[in-house]
Amino acid sequence: MENKRQPDLLDTQPLQETDEELTAEIDYTEIISEEEKEELKNELTKLEDEIVTLRQVLAAKEKHLAEIKHKLGVSMMNELKQNFSRSWHDVQTHSAYKKTQETLSQAGMKASAAITNVGSAIGKKLGDMRNSPTFKSFEERVENTVTTLKAKVGATNQTQGSFEEVLSSTAHATAQSSLAGSLLPEAEEELQ
């Protein structure tokens with residue numbers, strides 16, 4: 001009796017091959033008879049000859065095809081264009097493309113409607129702001145400043161003052177009108 005021991009996990013001995021691996025390494029040349037070898041060699045030679053012949057026929061047909069295309073004026077670029085057009089047509093007629101196109105079209109219409117609504121809301125809000133007391137007050141201040149500037153510039157032309165003097169006097173006048181505008185509500189409260 002042989003003493004067989006269990007292999008250790010850390011055992012460095014190579015594993016033995018199984019029966020399946022051994023059958024893959026069998027040399028069939030010893031099993032095949034001489035007649036069968038000759039038949040297989042003949043069949044192999046015939047197949048190789050047929051492959052060479054088919055390659056020659058294919059090359060001749062490709063050459064003939066190129067000659068016909070050349071006579072018809074069909075160039076490589078024209079073929080690429082035709083292939084691209086055909087492929088693009090196939091893509092466009094595919095159901096996935098149609099569904100995607102419909103979805104994007106609907107999304108575009110919804111986005112356009114949303115932008116229109118936002119634009120209308122902004123326009124309405126700006127219109128409302130223009131009628132507000134704050135905007136009116138701001139508008140009046142700008143008009144007063146412009147009037148003051150025009151008066152100063154007109155007066156400067158008559159008095160021949162320097163540009164710096166005009167700017168200084170305009171700033172002074174603007175500051176005074178701003179102070180007067182901000183003091184008015186306080187003065188009203190004191191009077192009451």
Side-chain angles (χ1 to χ4, degrees), residues 51 54-192:
I51 290 171
L54 289 172
R55 285 184 180 153
Q56 290 171 349
V57 169
L58 180 62
K61 289 195 180 273
E62 286 176 340
K63 182 179 178 185
H64 185 64
L65 175 72
E67 289 171 359
I68 291 172
K69 285 182 179 181
H70 181 69
K71 287 179 183 177
L72 291 174
V74 177
S75 67
M76 184 66 92
M77 186 58 91
N78 288 342
E79 283 187 65
L80 288 174
K81 287 179 185 176
Q82 288 174 354
N83 288 341
F84 181 75
S85 295
R86 191 177 312 117
S87 298
W88 181 242
H89 175 72
D90 292 345
V91 166
Q92 287 179 327
T93 57
H94 197 273
S95 63
Y97 176 83
K98 287 181 179 180
K99 287 179 183 177
T100 303
Q101 185 181 24
E102 289 171 8
T103 303
L104 290 176
S105 176
Q106 290 173 357
M109 286 188 282
K110 288 179 182 179
S112 177
I115 289 171
T116 300
N117 289 341
V118 167
S120 297
I122 289 172
K124 184 176 185 259
K125 190 68 173 176
L126 287 175
D128 292 346
M129 283 176 56
R130 183 154 171 63
N131 296 328
S132 72
T134 305
F135 189 83
K136 296 272 186 196
S137 172
F138 176 74
E139 190 175 34
E140 288 172 6
R141 286 184 183 177
V142 170
E143 286 175 1
N144 289 338
T145 304
V146 169
T147 304
T148 305
L149 281 173
K150 285 182 180 179
K152 296 288 183 180
V153 170
T156 303
N157 286 341
Q158 296 168 356
T159 62
Q160 299 293 327
S162 72
F163 182 71
E164 291 174 356
E165 291 172 347
V166 172
L167 285 178
S168 174
S169 64
T170 303
H172 181 68
T174 304
Q176 286 179 344
S177 69
S178 295
L179 285 174
S182 63
L183 292 178
L184 285 177
E186 294 171 4
E188 287 178 3
E189 288 178 5
E190 290 176 7
L191 292 175
Q192 293 175 354

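If you take CG on Leu80 and CE on Met77, they are separated by 6.5 Å, rounding to the nearest 0.5 Å. With rounding to the nearest 0.5 angstrom, the OG atom of Ser105 is 11.0 Å from the NZ atom of Lys110. Note that CD of Gln56 is 12.5 Å distant from CD1 of Ile51, once rounded to the nearest 0.5 Å. To the nearest 0.5 Å, atoms CD (Gln101) and OG1 (Thr103) are separated by 10.0 Å.
The backbone N or O of Gly108 sits nowhere less than 3.5 Å from a side-chain atom of Ser112 that would complete a donor-acceptor pair. Remark: side-chain polar atoms of Ser85 are paired, donor with acceptor, to backbone N or O of Lys81 under 3.5 angstrom. Between the side chain of Thr148 and the backbone N or O of Asn144 there is at least one donor-acceptor pair closer than 3.5 Å.
Sequence neighbours left out, the pairs with a member in residues 65-80 that pass salt bridge (charged side-chain N to carboxylate O under 4.0 Å, His left out) are Lys69-Glu79.
Contact check for Leu65 versus Lys61: no side-chain heavy atoms found under the 4.5 Å cut-off.
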Apply the test side chain to side chain donor-acceptor pair (under 3.5 Å) to residues Arg86 and Asn83: give CA-CA distance (whole Å), side-chain angles for both, the deciding distance (0.1 Å), then the verdict.
CA-CA 5 Å; Arg86 191 177 312 117; Asn83 288 341; 3.0 Å; yes
